[in-house]
Amino acid sequence: MEEPSLDDELVQDYLAECREHLATIDIDVLALEEAGTEFDERTVNRIFRAAHSIKGGAGVCGLVKIRDLAHQLEDALDLIRTRRMQPTTDVTSVLLLGFDQIRELLGNHRESNQADTSEFAAALAALTADAPQPEDGQPGPAFDWSRQRKGSKRTYLIEYNLIGDIQRRNKTNREVFRNLLECGTIVETALDLDSAGTLDGEPSDRLTLHLIYATVLDPELIGHLVEVPPERIGLVGKDGAVTPLAGTAAGPVARTAAPHSPLSSEGAEAVGPLPDGGSQVVIRPSEPAVVAATVPELRAKMRRLVEAGVRLLVVDFGNVRMVDSAGIGLLLSAHSTLCKLGGRLSVIHASKEILRLLQSMRMHQHFSVSGD
Amino acid sequence: MIQLTREDDKAVIRPEGEDVVASSAPEIRSKMRVALEEGFRDLVVDLVNVRMVDSVGIGLLISAHNSLRRRGGRLAVVHASKDVLELFHMMRIHQHFNVSGD
């Protein structure tokens, strides 16, 4: 590649294009930092595309140092947009440093190929060394509720059945996600691996994806956007408690008690031993999944116990492999009912994954949760 | 047409001119089961000739991952197109098993 000359129209056009990209990039990077885990995917994509264009044009013009610098920035931005690296202040400072260096090099492009950009390279290497690599069976970092944006945005926990809700209705995942992104931010997603089954036996007809979604839409409208039944949409309170929308009439959603009817009802049936004459009972869900389909039976069982006078209800999760927002809603509603009667709920023998889920939802601040 | 080749300690499945979708899933699944029955614990799915993976396809990949993990092995997906990679990232699939692009 011959050295770019001052009169080279190609280079001049390229420089002008870069100036445009760089004019607003600092604002975008700072917006990322301010938003924290809830950053707008469009912002990070915009910065990524700017780095990508700067890289491409630099290559064409023979400006190798600028090209390499832009490439490193592109890689860093990719780590951010795939959520392997969070846009903390440390990270955004390095990004801003990188873009500043590009500005400097562009200002003196004829000598840019001899410039020393090792400072940025070292700073970036230090950051990306900490970025998590894909690890089998390790879910990503638990969502940090304390950074949830205040204001009129609401956060929902939505449970999609990707095969039933989306595919069977002839939509594509991309369309659905695009619609969501029009009206809010997808904060985090988590696939339920167990819902896919294994290669033995019959193929699973469902694939469950949990989504944390921040939007200004209120509970009455969210169902129309996501086209998922209300029992699979939970409204997340500021403390992380999840309240399923099923059964709510129009109006504000109660923050503590679930909208399910309280546990007391007709009929009484003692189940299991009642140790030391007290009112403590251990129950074990009969299915390995505490989910919308199995919740009614479990709720009925709990109701009977409370009617029989049980006040300390211990739920043994030893065989439970899966919990969804309906299950979490049931635990909360059971706990709320028991508290009103002077008792409480606790969950024991929760698997590592479920413990992590319950803790990330701050359930342990409401009722006792423990592992093996 | 789904190619199944055996390379040392791993089996490679490569759909040729087929997307990994509901209609092709049964055949891909049976090829995967053949590999498992032959004793392979590591499986590579090569998406070089695949444009699209739908939810049934993703479910199949995850069920393969689940089965392989139980046998102490692993699944890897290679040569995924940009669109497929983007979808996988959106669903955080890369946090469960290795997916890589061109």
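All of these numbers come straight from a predicted model, not from anything done at the bench. Throughout, a chain's letter reflects where its sequence line sits, starting with A, and its residues are numbered from 1.
- Checking A/D192, A/D194, A/L191 one by one against B/I62, the side chain to side chain contact (heavy atoms under 4.5 Å, CB included) holds for a single residue, A/L191.
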Evaluate side chain to side chain contact (heavy atoms under 4.5 Å, CB included) for B/R92 paired with A/R84, printing each intermediate quantity in order. CA-CA 10 Å; B/R92 313 287 180 255; A/R84 278 176 287 162; over 6 Å; no
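- Contact check for B/Q95 versus A/R83: no side-chain heavy atoms found under the 4.5 Å cut-off.
- B/R33 places a side-chain N or O within donor-acceptor distance of the main-chain N or O of A/L199, the cut-off being under 3.5 Å.
- If you measure heavy-atom distances from A/T82 to chain B, the contacts under 4.5 Å come from both the backbone and the side chain.
- Across A/A196 and B/G59, no two heavy atoms sit closer than the pair CB-O, 3.5 Å.
- Across all non-hydrogen atoms, the minimal contact from B/H96 to A/L193 is ND1-CD1, 3.6 Å.
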Report the C-alpha distance between A/F177 and B/E86 in whole Å, list the side-chain angles of each, state the deciding distance to 0.1 Å, and finish with yes or no for side chain to side chain contact (heavy atoms under 4.5 Å, CB included). CA-CA 12 Å; A/F177 289 144; B/E86 199 183 303; over 6 Å; no
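- Heavy atoms of A/I186 lying under 4.5 Å from chain B belong exclusively to its side chain.
- Note: B/D83 leads B/D83, B/L60, B/L68, B/L61 in heavy-atom pairs under 4.5 Å with chain A.
- Atom CZ of B/R6 is surrounded by more than 12 heavy atoms from other residues, nucleotides or ligands within 6.0 Å.
- Heavy-atom neighbours of A/N319 CG from other residues, nucleotides or ligands within 6.0 Å: at or below the threshold of 12.
- Expressed to the nearest 0.5 Å, how far CG of A/L209 lies from CD1 of B/I58 amounts to 9.0 Å.
- Looking at every heavy atom in both residues, B/R29 comes nearest to A/T198 through NH2-O, 3.1 Å.
- Within a 6.0 Å radius of NE2 in A/H52, other residues, nucleotides and ligands contribute 12 heavy atoms or fewer.
- Interface residue B/M90: backbone and side-chain heavy atoms are both found under 4.5 Å from chain A.
- A donor-acceptor contact shorter than 3.5 Å links the side chain of B/N66 to the backbone of A/G197.
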